[in-house]
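Chain identifiers are assigned alphabetically (A, B, ...) following the order of the sequence lines, protein sequences preceding nucleic acid strands; residue numbering begins at 1 within each chain. Keep in mind that the numbers below use all heavy atoms, side chains included, and drop hydrogens, waters and symmetry copies.
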Amino acid sequence: MQTDFYEQLTDSQRQAVFHTEGPLLVLAGPGSGKTRVITYRVAALIDSGVQAYNICAVTFTNKAAEQMRKRCAELLGFLNKAHISTFHSLCVRILRQYSSQANINRNFSIYDATEQAKCMRQAVKECNLNTADFSPARMLDAVSALKNRLVDVDTLKSEANDFFSATLAKIYTRYQKMLSEANALDFDDLLLKTAYLLKDCADVREELSNRFRFVLIDEYQDTNHAQYRIAKLLVSQHNNICATGDPDQSIYRWRGADIRNILAFEKDWPQATVVKLEENFRSTPNILKAADSLISFNQSRKEKVLIPTRPEGGDIVINCCEDQTNEAQTVASLISELADEGVSLRDIAVFYRINAMSRALEEALIKNKIPYQIVRGIEFYNRKEIRDLLAFLKVLINPEDEIALLRIINTPARGIGKTTIDRIKAYAAAGRLSFYEALKQADKISSLSAGSKAKVAVFINTMEELKKQLDKPVASIALSVFEKTGLSASLKDSSDTDAIDNINELISAAASYDEQSDEPSLLDYLQQISLFSDVDTYDIGRPSVALMTLHSAKGLEFDNVFIVGLEEGLLPHERSSEDDEDIEEERRLFFVGITRAKLRLFMSYCQYRTIRGQLSRSIPSSFLYELGTCRNNGSHNDVGGIYYDDEYQRSRTFSPVFTPGQLVRHVSFGLGRVKDFVDMGENSIVVVSFNSGQTKSLKVRFANLLTFEGDFS
DNA sequence: CATAGCCGCCTTTTT
DNA sequence: GGCGGCTATG
C-alpha cells in the first residue's frame, strides 16, 4: 500500500477513511475531497484485509465508477474485485443473478427513453385514451414517480380514488403488461424489481447482505426512495453503510431524489458516526464567497460553512451580451485569451441549463477553431444506424423484444410492409404467440401471400443462423449482423460514409469491451450500454473545451468555468418556478455550477434570446444578485471579487430602488411589503409579500408600485 | 409496399 | 427549429 497518499489527508478525511465498523455519514461541501475519501476508504478496507468481493461501492455515473476503480488499483498496486458501479448497474447484476426469484427472464431488454415513449404511446391508445389529453411524456413522468416511490400496479389500483389516478392506474397496468410481454424493464423497473426482490425473498436478501460487509454510497443526497430501500436492505446484515453527500448539491428532486434520505440518516442509523468535511480545496475564496452567498438564500437548508484553503484569485466576471450569438462569441474570445495565456483547453468548461443552448456555443467555437467536446455521448447511441444494429442484437438475445423486432423487420427494406405485419400480429394474438414465434410459423398463416411468406422465411432464417454465433466475441457478432442482415449493403448503396464510420466505431467499442470485461457476453454488453449516460463518454484527457449541462457538471471540476444564460426563465428555469422548493433546487443547481470552478469563473446573460425560433427580451437572473453584491444601495464595489461589465453598470443607474420591509401598493394586488429586491437597473425585480397572502415577483418597470414616505410600522 | 411531405408536439434537467 | 408519426400518392 502506498502510504504516502494517506499523509496528504486531513484529520477529518482520515477519520472517514479509517472508520472501522458501523454506519458512517460523510457530510461534505463541494471540493472537500469527498470522492477521494470514499475511494481511499475502499482501498483502506481492502488493505486492512477485507475481501474486495465483500465491498460494494455505489457511484452516480459509470464514469465515476470507472475512475474509482482505476484510482483504487493505483493505491493498492493491484486490481481488485470490489463491486463498484452505479445503482442501476448493480441492480442489473442482481436481477440477472437472481432472475428466477425475481420472476423475470434474465435476457431482459432495458428500455431507454425512446423505447419507453413508444410503449407508453401505445399503452395510452390501447386504453382508448387520447394521446393529446394524456401525453405519453407526462404519463411516463407520472409512472416513473410512482415506481420511484415503489408503488406497483396493484398498490395504485387499490388506492386510486379519483378519476386521474384511476386512469393512470389503467395506463400504468397496460404499460407494464407491454413491458413484461416484451421481456423488458425500464430504468425505474431495475430499481423497483430489485427493491421488491430484496424485500420479498429472504434468502436473496440474506445472501447479498451477508456478502456485502461494507456498502458505500456516494451522492447520497440524490438517492430516491427505491434506492434508499435497496441500500437499507443490502446492509441489513452488517450495518456497515457509508453514505457521502451534500444536501446543498441535491439537484434531482424532479426525478424522485429525496433529500430526506440524507437528512434523516442519523435517525435511520442512530449509532452513526458523522464526519463533516468543510474545508474546500478546490476554489478560490471569492468563488466560494459567491457560492456561499447564493446558497444562503435557500430557506430549507442546514447552515454550513465553506472554508477556503486556496489563496485569493481573480475576479468573477459577469458579462451582459446582446443575444446568444454574441454571448457565444464572447465566450469563444475569452477562451482564446485564456489559451494565449497558456491555459490548456482541457481545463476549461462551459455549462448551460438546457441542452438546446449548446448549438450557439458550438457554432462560435467552430468559427474560432477551438476544439471542444460535448458531454452528451448518448447521442451516438441515438443514431439511426446504431439503433438499427443494436435492435438486431437485442432481438438475438431477447426475441420477445417487440419494439426492437418491429424496428428491424423491414430495415433495411425487405418487402415486409404494414399489411403483412398486421396479419402476422393478428395470427400471434389469436394463438397467444409472441410476434417472433408467429414469424417462425409464417408458412401456416393463410392470409399471407406466398411472396410474403418467403420474405419472412428469409428474415427468420438469417436471424436463426446468427443466433448460432452467440458465444463468439461481441465485436464479431456485431460484424456478422452488420454483414448478413443487409445493413452493410444498404449503407454502401446509399454511400452513407458517416453511418458506416459510426458502425465501425461501434464495432471497435465492442471489441474493447470484449477485451476489458471479465466475462464478456452479448447480453451483458447490451445491458451495460443501455445504462450509459452523458458523462460516461467525456474524455478528460483530451485537450478540448468541455460543453455540458449544469446537471452533467456534478462531480467534476475545472480551472476555468463559464456559465451562460443567466436569465430569468432559463436559470431559474420557467418550468421550475411553480413553488419555492423548485426555485431552491434551481439555486442549488447554480451552486453546483459555481463550485466546479477552481480559479476563474465567467458568467453571462443576454438581453435578447431566441427560444424555439422566437426572439424575445430577456432579463438577468435574480440569482446574479444573490452572489453577494448590489444589495440595495448599489455599493457593490465594497464587496469586491465580482466584476460586472459596463452595460450592467449603466443599466442599473436608472430605476427606482426598493428596500426589504418597505411598504408598497399595487393597483390590483393591494398593499404589501417588499420581501426582496433584485437590482437589475431597468430590469429590476421586486418581490412583494401582499397582505392578501400571496407573494409576487414583479418587474419594477411594469409593476407601477406606489411607495409611501416613511414607514407605518 | 415505398416514399415524400405535412402536422403536431416538443424542451428542462437524466440513471 | 427538429423529430417522429401519420397520410396521400405512385
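- The CD atom of A/E115 sits 13 Å away from the P atom of C/dG4 (whole-angstrom rounding).
- Ion pairing between a basic and an acidic side chain is recognised when a charged N comes within 4.0 Å of a carboxylate O; A/R149 and A/D258 show no such pairing.
- For A/E584 and A/R301, the salt-bridge test fails: no basic side-chain N is under 4.0 Å from an acidic carboxylate O.
- Closest to the A/F187 side chain, of the nucleotides B/dT14, B/dT15, C/dG5, is B/dT15.
- We find that NE2 of A/H551 is positioned 15 Å from P of B/dT11, with the value rounded to whole Å.
- Among the heavy atoms of the strands lying under 4.0 Å from A/K118 are primed sugar atoms or P, OP1, OP2 only; no base atom is included.
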Tabulate atom names and distances for all N/O pairs under 3.5 angstrom spanning the protein and nucleotides 2-6 of chain B.
unit_1 : atom_1 : unit_2 : atom_2 : d
B/dA2  : OP1    : A/G415 : N      : 3.2
B/dA2  : OP2    : A/N410 : ND2    : 3.0

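- The listed nucleotides are B/dT14, B/dC1, B/dT15; the one nearest the side chain of A/T549 is B/dT14.
- Note: CD1 (A/I421) to P (C/dC6) measures 14 Å, nearest angstrom.
- Between A/D582 and A/R253, at least one side-chain nitrogen of the basic residue sits less than 4.0 Å from a carboxylate oxygen of the acidic one, meeting the salt-bridge criterion.
- Each of B/dT15, B/dC1, B/dT13 was ranked by its minimum atom distance to the side chain of A/T419; first place goes to B/dC1.
- Using a 4.0 Å heavy-atom distance criterion, A/K125 is classed as a sugar-phosphate-only contact.
- For A/N62, no side-chain nitrogen or oxygen approaches OP1 or OP2 of B/dT15 to under 4.0 Å.
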Less than 3.5 Å apart, which donor and acceptor atoms pair up between the side chains of residues 225-233 of chain A and the rest of the protein, not counting sequence neighbours?
unit_1 : atom_1 : unit_2 : atom_2 : d
A/Q227 : OE1    : A/N224 : N      : 2.8
A/Y228 : OH     : A/D268 : OD1    : 2.9
A/Y228 : OH     : A/D268 : OD2    : 3.0

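- Map A/D141 and A/A137 each onto its nearest nucleotide of DNA chain B; the residue landing nearer the 5' end is A/A137.
- Residue A/N148 places none of its side-chain N or O atoms closer than 4.0 Å to OP1 or OP2 of B/dT15.
- Rounded to whole Å, the C1' atom of C/dC6 lies 22 Å from the corresponding atom of B/dT11.
- Between A/F392 and A/F459, the ring planes lie tilted relative to each other; the angle falls in the 30° to 60° range.
- Rounding to whole angstrom units, CG of residue A/L190 and C1' of B/dT15 are separated by 9 Å.
- Among the heavy atoms of the strands lying under 4.0 Å from A/T420 are primed sugar atoms or P, OP1, OP2 only; no base atom is included.
- A straight line from CG of A/D186 to C1' of B/dT15 spans 11 Å, rounded to a whole angstrom.
- Listed pair A/S89 / B/dT15 fails the phosphate criterion, with no side-chain N or O lying under 4.0 Å from OP1 or OP2.
- Going from the P atom of B/dT13 to that of C/dG4 covers 16 Å, rounded to whole Å.
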Run the numbers on A/D189 and A/Q176 for side chain to side chain donor-acceptor pair (under 3.5 Å), then give the verdict.
CA-CA 10 Å; A/D189 282 336; A/Q176 218 48 38; 3.2 Å; yes
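- We find that A/K394 and A/E115 are joined by a salt bridge, their nearest charged nitrogen and carboxylate oxygen being less than 4.0 Å apart.
- Residues A/E219 and A/Q221 have side chains that bring a donor and an acceptor to within less than 3.5 angstrom of each other.
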Applying side-chain contact (heavy atoms from CB on, under 4.5 Å) to A/R588 and A/S250, what does each step give before you reach the verdict?
CA-CA 7 Å; A/R588 289 193 293 267; A/S250 163; 3.9 Å; yes
Dot-bracket notation for DNA chain B, counting Watson-Crick and G-U pairs under 3.5 Å, with | for partners on another strand
|||||||||......
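- Spacing between atom CD1 of A/I251 and atom C1' of B/dT15 amounts to 12 Å, rounded to whole angstrom units.
- In this entry the distance linking CZ of A/R387 with P of C/dG4 reads 9 Å, nearest Å.
- B/dT11 atom P lies 12 Å from atom CG of A/N355, rounded to whole Å.
- The nearest pair of heavy atoms linking A/D246 to A/F591 is OD2-CE2, 4.3 Å.
- Aromatic ring centroids of A/F297 and A/F590 lie 6.0 Å or more apart.
- When the side-chain nitrogen and oxygen atoms of A/T61 are compared with OP1 and OP2 of B/dT15, none of them lie within a distance under 4.0 Å.
- Within 4.0 Å (heavy atoms only), A/F87 reaches no atom of the nucleic acid at all.
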